[in-house]
Trainee: 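Take a look at the following structure, please.
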Protein chains: 2
Amino acid sequence: MALQQASAMNSDTALSGRLAWMGRIDASEPLRAAGSVVHVREGEEIFAEGETTEAFYKVVSGVVRVCKFLSDGRRQIEAFHVAGEIFGFELGNDRLMSAEAVSDCSLVSYRKRGVEMLAQKDHAVGNQLFHHAMWNLARAQTHALLLGRRGAAEKVATFLLDWARHSTGKGVIHLAMTRQDIADYLGLTIETVSRTLSQFERDGLIALANTREVRLRNMEGLETLAA
Amino acid sequence: MALQQASAMNSDTALSGRLAWMGRIDASEPLRAAGSVVHVREGEEIFAEGETTEAFYKVVSGVVRVCKFLSDGRRQIEAFHVAGEIFGFELGNDRLMSAEAVSDCSLVSYRKRGVEMLAQKDHAVGNQLFHHAMWNLARAQTHALLLGRRGAAEKVATFLLDWARHSTGKGVIHLAMTRQDIADYLGLTIETVSRTLSQFERDGLIALANTREVRLRNMEGLETLAA
DNA sequence: CGCTTAATTGATCAGGGTCAATCGTGGTGG
DNA sequence: CCACCACGATTGACCCTGATCAATTAAGCG
């Protein structure tokens, strides 16, 4: 059953909680006892590499980046997390990654130990965590493909199309993150990201209102680039 | 309990099976009914992207590569799997990756549906799968860091050190895979891999007996490069 | 209204890709 | 048994993408 349920579940059950999503805690929510709401401001650290893993989180609103650093300061952003997603769950005691708020965020924090105990009684909790792990695994694998084998234009086009899915409406993307964040996510420099976006604009693929607002003018063209 | 066990487990419990490792199936093994031994020869396909996910596998002996292809034929190897590791488990119905035998392999194949049912009764099975997912997630994230932010020398040095851990003895690495495999794993070309290895040899970091046999001459030096 | 930080743009450089030739090795068949 | 062949690996010459260095512009914010 564990796996059956996991296969069948969409992303809005059990631990996920439509309720947590809305920022409330309800008595019928299996994790009501374990979760507490936290607010973090833009740029604030949520946890850091090397710390002890005491909690994990679910995004209620805002965007979170999870990343690793190299000794020389280079940074790789592993993923951006948006409303409804779980991040920061690790098996080991020590964190392998750090997390920061890209924008002001509301999170639900779950004490890892508490949830471990809860999971004994409610398998839906374990299932949700399993589902989360498999989902993030698939995402990390796709990300690796992007990083390893694609050129700058392909990377940026893919990023825009991915992010468009998270955005509210028809062809207007609100980027929560800076160019530096995008660069560190795509394994590029800030200059290359900027140049590529400018080129896309010249080519009529997109229009840049603000730095943070991208209008899709030719989605097909982008999809061709993203290949 | 689900999570507690998962945290505490090492990689040689439950579904893993010291027994399966040794190529036998024992009556006390929870998965004895679900698993069957398969042999695949070097270069043979185990499953392909797009197929229906009916089984997953555990490596008994040999090396397996799991990879994705781009439309133009470029390939990204997501991971090499060695004895004791599980691969090919996916939530969705359709496979996102393909798998091939790098060398002659013995595998244990588990019917996905069978294990799903078994997992209802034996939580150790679900725990092991969960552990596997989290382990592979951490690995994929490390891999993404390698691909996104490191130069050729750093990549190759990291690869050699990683692979040295899988190798039997003190400083002699047997590479199961071709240069092309290494290149596709590291997001490089075959030529760059070759040049980098030659350079390492000139620098006294390694010695290349065969194409497939690498002697570590200066592990510290490599570790410095891998940074 | 300056001050600070992010983004864009330009000029140059280098790491790694591409194309091409050669070498080495193992397998096959005469 | 050895010559030949096929394929992988190595090496070289050159090129191109994206990094680096540097200057300018734009945008928040006190």
Side-chain angles (χ1 to χ4, degrees), chain A residues 41-43 65 70 72-76 102-104 146-160 173-203 206-214 225 227, chain B residues 41-43 65 70 72-76 102-104 146-160 173-203 206-214 225 227:
Chain A
R41 261 193 291 276
E42 181 179 327
R65 61 172 176 256
L70 295 182
D72 58 7
R74 284 176 293 180
R75 181 179 68 160
Q76 175 69 49
V102 169
S103 61
D104 291 354
L146 188 67
L147 289 171
R149 284 287 176 220
R150 306 187 101 125
E154 285 176 287
K155 286 180 178 178
V156 175
T158 303
F159 175 77
L160 288 175
I173 311 176
H174 280 282
L175 299 173
M177 71 292 291
T178 67
R179 296 289 189 267
Q180 186 65 61
D181 286 332
I182 299 174
D184 287 345
Y185 178 73
L186 296 176
L188 297 170
T189 58
I190 192 177
E191 292 97 331
T192 299
V193 171
S194 189
R195 271 189 259 273
T196 305
L197 287 173
S198 300
Q199 189 58 48
F200 283 178
E201 189 167 35
R202 264 174 249 127
D203 296 344
I206 61 172
L208 293 160
N210 295 320
T211 300
R212 299 296 182 97
E213 189 161 317
V214 182
L225 273 178
Chain B
R41 260 194 288 276
E42 180 178 328
R65 60 172 176 256
L70 295 181
D72 57 8
R74 283 175 294 179
R75 181 178 70 161
Q76 175 68 50
V102 169
S103 60
D104 291 355
L146 187 67
L147 289 170
R149 284 286 176 220
R150 306 186 102 126
E154 285 175 289
K155 286 180 178 179
V156 176
T158 303
F159 175 77
L160 288 176
I173 311 176
H174 279 282
L175 299 173
M177 69 292 290
T178 66
R179 297 288 189 268
Q180 186 65 61
D181 286 333
I182 299 174
D184 287 345
Y185 178 73
L186 296 175
L188 297 170
T189 59
I190 193 178
E191 292 96 332
T192 299
V193 172
S194 189
R195 271 189 261 271
T196 306
L197 287 172
S198 300
Q199 188 59 48
F200 283 179
E201 190 167 35
R202 263 173 250 128
D203 296 345
I206 61 173
L208 292 161
N210 297 320
T211 301
R212 300 294 183 95
E213 190 162 315
V214 182
L225 273 178

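Reckoned from all heavy atoms, side chains included, excluding hydrogens, waters and symmetry mates. The structure presented is a predicted model; accordingly, all values stated were derived computationally and were not measured. Note on naming: letters A, B, ... go to the chains in the order of the sequence lines (proteins, then strands), and numbering restarts at 1 for each one.
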Trainee: So, using side-chain hydrogen bond (donor to acceptor under 3.5 Å, both in side chains) as the criterion, who are the partners of A:Arg75 when residues are at least two apart?
Mentor: A:Asp181, A:Asp184
Trainee: Base contacts versus sugar-phosphate-only contacts with protein, heavy atoms under 4.0 Å: please encode nucleotides 11-20 of chain C as B, S and - from 5' to 3'.
Mentor: B----SSBB-
Trainee: Backbone N or O of A:Tyr185 within a donor-acceptor pair of the A:Arg65 side chain at under 3.5 Å?
Mentor: no
Trainee: Quick one: do A:Val214 and A:Phe200 satisfy side-chain contact (heavy atoms from CB on, under 4.5 Å)? Show the steps, please.
Mentor: CA-CA 11 Å; A:Val214 182; A:Phe200 283 178; over 6 Å; no
Trainee: What is the separation between atom CD1 on A:Ile190 and atom C1' on C:dT8, rounded to the nearest whole Å?
Mentor: 9 Å
Trainee: Would you check if the side chain of B:Arg212 reaches a backbone N or O of B:Ala176 as a donor-acceptor pair within less than 3.5 Å?
Mentor: yes
Trainee: Whether A:Ser198 contacts C:dT9 is assessed here as follows: a side-chain N or O lying under 4.0 Å from the phosphate OP1 or OP2. Is that the case?
Mentor: yes
Trainee: Roughly, in whole Å, what's the span from CD in A:Gln180 to C1' in C:dT8?
Mentor: 14 Å
Trainee: According to side-chain hydrogen bond (donor to acceptor under 3.5 Å, both in side chains), who are the partners of B:Asp72, at least two apart in sequence or on a separate chain?
Mentor: B:Arg74
Trainee: What is the first contacted nucleotide of DNA chain D and what is the last, in 5' to 3' order, if contact means an atom lying under 4.0 angstrom from a heavy atom of chain B?
Mentor: D:dA9 to D:dA13
Trainee: I'd like to check the side-chain hydrogen bond (donor to acceptor under 3.5 Å, both in side chains) partners of B:Thr192; sequence neighbours left out, ordered by chain and number.
Mentor: B:Thr189
Trainee: If you fit an axis to the five pairs at each end of the helix from C:dC1-D:dG30 to C:dG30-D:dC1, how big is the angle between those two axes, to 10 degrees?
Mentor: 30°
Trainee: Donor-acceptor pair, distance only, cut-off 3.5 Å: does the side chain of A:Asp104 make one with the backbone of A:Glu42?
Mentor: yes
Trainee: Report yes or no: does B:Glu213 contribute a side-chain atom to a donor-acceptor pair with the main-chain N or O of B:Asn210 at less than 3.5 Å?
Mentor: no
Trainee: Quick one: does any side-chain atom of A:Arg149 pair with a main-chain N or O of B:Leu188 as donor and acceptor, under 3.5 Å?
Mentor: yes
Trainee: To the nearest 0.5 Å, what is the distance between CZ (A:Phe159) and CG (A:Leu186)?
Mentor: 6.5 Å
